[in-house]
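Okay, structure first, notes after.
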Amino acid sequence: MNEKVLVVEDNAQNMMVTTMALKTLGYMLFEAMDGEEALRVAEREKPDLVLLDLQIPKVEGLEVVKRMRKMPGLEKVPVIAVTAFAMKGDRDRAINAGCSGYLAKPFSIHELRRVVSEMLLDTAGKGG
Ligand code: MN
């Protein structure tokens with residue numbers, strides 16, 4: 001089955017690289033370039049995983065994950081926070097806001113694929 005992955009990223013180049021890297025693994029990709037769009041698409045598509053850039057326009061990433069957690073069917077969807085800053089405390093802030101994992105930019109395509117596939121396997125294993 002083709003798991004749905006929602007990529008939230010406001011940089012067009014990063015969006016292209018990320019979605020290409022995941023499409024070739026067989027996932028069904030959805031894109032959102034700001035926080036409002038992310039919430040709309042998430043509510044409509046009920047993705048199996050969300051890759052969430054925390055620095056995005058309109059509604060910032062941490063607020064997006066907080067709101068997703070209150071939406072029916074999205075309470076437990078794995079959300080991987082992505083941030084360019086990777087400062088001490090970023091990871092904790094992301095996890096506290098409801099993110100399931102964390103990926104610091106810049107990351108390799110290999111690393112991206114590993115984190116995404118591991119988290120989807122993990123969720124499947126828990127029967128979720
Ligand atoms: Mn950004």
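Start at 1 and go down the list; that is how both ligands and their atoms are numbered. Reckoned from all heavy atoms, side chains included, excluding hydrogens, waters and symmetry mates.
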Requested in this report: Measure across Glu9 and Met15 and return the closest heavy-atom pair with its distance rounded to 0.1 Å.
Outcome: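 Where Glu9 meets Met15 most closely, the heavy atoms are O-CE, 3.5 Å.
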Atom [atom1] in [X], atom [atom2] in [Y]: separation rounded to 0.5 Å?
| X | Y | atom1 | atom2 | answer |
| --- | --- | --- | --- | --- |
| Glu36 | Ile56 | CD | CD1 | 10.0 Å |
| Leu49 | Asp122 | CG | CG | 11.0 Å |
| Leu74 | Glu45 | CG | CD | 11.0 Å |

Query raised in the report: What's the atom name of the N, O or S in Asp53 nearest to the Mn ion (ligand 1)?
Result: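 Nearest to the Mn ion (ligand 1) within Asp53's N, O and S set: OD2.
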Query raised in the report: So, is Glu9 placed with an N/O/S atom under 2.8 Å from the Mn ion (ligand 1), counting both backbone and side chain?
Result: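 Checking Glu9: none of its N, O or S atoms is under 2.8 Å.
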Query raised in the report: How open is the angle at the Mn ion (ligand 1) from atom OD1 of Asp10 over to atom O of Gln55, rounded to 10 degrees?
Result: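 Answer comes to 90°, rounded to 10°.
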